[in-house]
Student: 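I have a structure I would like to understand better, so I am pasting it below and will then ask my questions one at a time.
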Amino acid sequence: MGFDHREEHVDDGMLLVQANLDDMNPELTSYITDRLFEAGANDVFWVPIIMKKGRPGIMLNVLLDEQRLAEAEAVIFAETTTLGIRYLQASCHRLAREFETVPTRWGPMTVKVGYHRGRLVQFAPEFKECERVAREHGVPLKVVYDEVRGHFAGKRGADPDGQQA
């Protein structure tokens, strides 16, 4: 096995960047998300909110390393309707990870595996790979995803929730 549990770590020096938006077309969110990942964001997510005067809105949340702030700011101010951004100091605990390959009827597929203190606690098929296979073979995505999880669980003696059996 190629992982080292010491690769598990806490990243300090992270920022959670937030912007509340009540006047932006929500169809733009997927494009903005892609742009923020291209700018070096570690995570991007959107939360529906109710703003002043009862207006529906969305909150943009971007987790990034402090040194990537300028690139993310440029994307946020250029691509959204916000007039201001909030910054919160954040830390992120990252599990030790590795990628494993499992055989499937569509060929080898990749599974991302997470370890906490040397113990398997999470695993998930690589989503984009499953999506590609589903499209190419005309199979429902959930079937591909579940089959890859099943092959990995059988190979490693883990239950479907990622716990070592």
Side-chain angles (χ1 to χ4, degrees), residues 1-19 21 25-49 58-69 71-72 75-76 79-80 88 90-165:
M1 195 160 4
F3 83 96
D4 180 347
H5 72 87
R6 291 171 296 188
E7 293 172 10
E8 183 175 352
H9 62 282
V10 174
D11 286 332
D12 292 319
M14 308 264 312
L15 291 175
L16 179 60
V17 179
Q18 297 179 322
L21 306 157
N25 180 344
E27 292 178 326
L28 303 176
T29 58
S30 64
Y31 175 78
I32 295 165
T33 298
D34 291 344
R35 292 281 321 275
L36 287 165
F37 279 123
E38 291 165 8
N42 294 59
D43 197 10
V44 178
F45 60 99
W46 302 83
V47 178
I49 57 175
I58 49 177
M59 180 193 302
L60 168 62
N61 293 269
V62 183
L63 183 65
L64 48 80
D65 299 315
E66 286 185 36
Q67 63 267 26
R68 303 311 294 260
L69 179 59
E71 295 97 322
V75 171
I76 293 168
E79 300 289 353
T80 76
L88 301 140
S91 295
C92 181
H93 186 152
R94 298 176 196 263
L95 296 178
R97 316 167 190 194
E98 69 178 355
F99 294 90
E100 292 192 25
T101 303
V102 295
T104 72
R105 62 179 144 151
W106 307 288
M109 301 283 292
T110 307
V111 177
K112 185 186 306 182
V113 185
Y115 297 90
H116 179 59
R117 297 183 178 161
R119 183 170 177 254
L120 170 68
V121 293
Q122 303 289 336
F123 64 91
E126 280 297 295
F127 182 81
K128 287 292 187 185
E129 194 173 279
C130 291
E131 183 179 48
R132 177 187 52 77
V133 165
R135 288 182 191 279
E136 286 177 3
H137 296 274
V139 178
L141 178 57
K142 65 182 181 178
V143 170
V144 175
Y145 198 85
D146 288 347
E147 186 168 320
V148 174
R149 283 184 58 80
H151 281 289
F152 180 81
K155 171 183 170 185
R156 295 295 301 270
D159 71 31
D161 293 323
Q163 300 299 312
Q164 195 75 37

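All of these numbers come straight from a predicted model, not from anything done at the bench.
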Student: Tell me, please, which residues at least two apart from Ile49 pass side-chain contact (heavy atoms from CB on, under 4.5 Å).
Tutor: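 Ile49 satisfies side-chain contact (heavy atoms from CB on, under 4.5 Å) with Asn20, Val47, Met51, Met59 only.
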Student: How many angstroms lie between atom CG of Leu15 and atom CD of Glu66, to the nearest 0.5 angstrom?
Tutor: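 These two atoms lie 4.5 Å from each other.
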Student: Not counting sequence neighbours, which residues clear side-chain contact (heavy atoms from CB on, under 4.5 Å) with Glu71? List them please.
Tutor: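 Only Ala39, Arg68 meet the side-chain contact (heavy atoms from CB on, under 4.5 Å) criterion with Glu71.
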Student: Holding to side-chain contact (heavy atoms from CB on, under 4.5 Å), I want the full list of residues that pass it with Glu131, two or more places apart in sequence or in another chain.
Tutor: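 Applying side-chain contact (heavy atoms from CB on, under 4.5 Å) to Glu131 gives Phe127, Lys128, Arg135, Leu141.
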Student: Heavy atoms only: give me the nearest Tyr115-Leu120 pair and the separation to one decimal.
Tutor: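 In terms of heavy atoms, the two residues are closest at CD2-N, 3.5 Å.
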Student: So, do Asn61 and Leu16 sit near enough that their side-chain heavy atoms are less than 4.5 Å apart?
Tutor: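 A side-chain contact under 4.5 Å exists here.
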Student: Could you pull out all residues at least two apart from Thr104 that satisfy side-chain hydrogen bond (donor to acceptor under 3.5 Å, both in side chains)?
Tutor: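 By the side-chain hydrogen bond (donor to acceptor under 3.5 Å, both in side chains) rule, Thr104 matches no residue at all.
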Student: Working note: Met14 + Leu63, criterion side-chain contact (heavy atoms from CB on, under 4.5 Å); need CA distance, chi angles, decisive distance, verdict.
Tutor: CA-CA 7 Å; Met14 308 264 312; Leu63 183 65; 3.5 Å; yes
Student: Applying side-chain contact (heavy atoms from CB on, under 4.5 Å), name anything that partners Pro140, two or more places apart in sequence or on another chain.
Tutor: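 side-chain contact (heavy atoms from CB on, under 4.5 Å) list for Pro140, sorted by chain: Lys142, Val143.
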Student: Can you tell if the side chain of Trp106 reaches within under 4.5 Å of the side chain of Glu136, non-hydrogen atoms only?
Tutor: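 No, too far: nothing below the 4.5 Å cut-off.
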Student: In chain order, what residues pass the side-chain hydrogen bond (donor to acceptor under 3.5 Å, both in side chains) check against Thr80, with sequence neighbours excluded?
Tutor: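 So Thr80 forms no side-chain hydrogen bond (donor to acceptor under 3.5 Å, both in side chains) with any residue.
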Student: Measure the spacing between CD1 of Ile32 and CZ of Phe37 and express it to the nearest 0.5 Å.
Tutor: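 Going from the CD1 atom of Ile32 to the CZ atom of Phe37 covers 13.0 Å.
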Student: Is any side-chain heavy atom of Cys92 closer than 4.5 Å to a side-chain heavy atom of Asn42?
Tutor: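 Side chain of Cys92 against side chain of Asn42, heavy atoms only: no contact under 4.5 Å found.
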Student: Looking at Leu64 and Ala41, what are the two nearest heavy atoms and their distance?
Tutor: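 Of all heavy-atom pairs spanning Leu64 and Ala41, the closest is CB-CA, 4.2 Å.
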Student: Where do Phe99 and Val111 land on the side-chain contact (heavy atoms from CB on, under 4.5 Å) test, with the steps shown first?
Tutor: CA-CA 6 Å; Phe99 294 90; Val111 177; over 6 Å; no
Student: Step through the shown structure and confirm whether more than 12 heavy atoms of other residues, nucleotides or ligands are within 6.0 Å of CD on Glu27.
Tutor: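 Check fails, neighbour count at 12 or below.
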Student: Hey, does Glu126 have a side-chain heavy atom less than 4.5 Å from the side chain of Arg132?
Tutor: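 SC-SC contact between Arg132 and Glu126 ruled out.
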Student: Would the distance check show the side chain of Glu129 and the main-chain N or O of Thr110 forming a donor-acceptor pair, the cut-off being under 3.5 Å?
Tutor: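 Side chain of Glu129 to backbone of Thr110: a pair is present.
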Student: Between Glu100 and Phe123, does the side-chain contact (heavy atoms from CB on, under 4.5 Å) criterion hold? Intermediate values first, please.
Tutor: CA-CA 10 Å; Glu100 292 192 25; Phe123 64 91; over 6 Å; no
Student: Roughly how far, to the nearest 0.5 Å, is the CD atom of Gln122 from the NE2 atom of His116?
Tutor: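 Output value for this atom pair is 11.0 Å.
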Student: Could you check whether any side-chain heavy atom of Leu60 comes within less than 4.5 Å of a side-chain heavy atom of Thr29, counting everything from C-beta outward?
Tutor: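 Sidechains of Thr29 and Leu60: no contact.
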Student: Quick one: NE2 on His151 to CG on Asp146, what's the gap to the nearest 0.5 Å?
Tutor: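 Between atom NE2 of His151 and atom CG of Asp146 there are 11.0 Å.
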Student: Could you check Met109 against Val144 for side-chain contact (heavy atoms from CB on, under 4.5 Å), going step by step and ending with a plain yes or no?
Tutor: CA-CA 10 Å; Met109 301 283 292; Val144 175; 4.0 Å; yes
Student: Would you say that Glu79 contacts Leu28 through its side chain, given a criterion of any heavy-atom pair below 4.5 Å between the two side chains?
Tutor: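 No, every pair of side-chain atoms sits at 4.5 Å or beyond.
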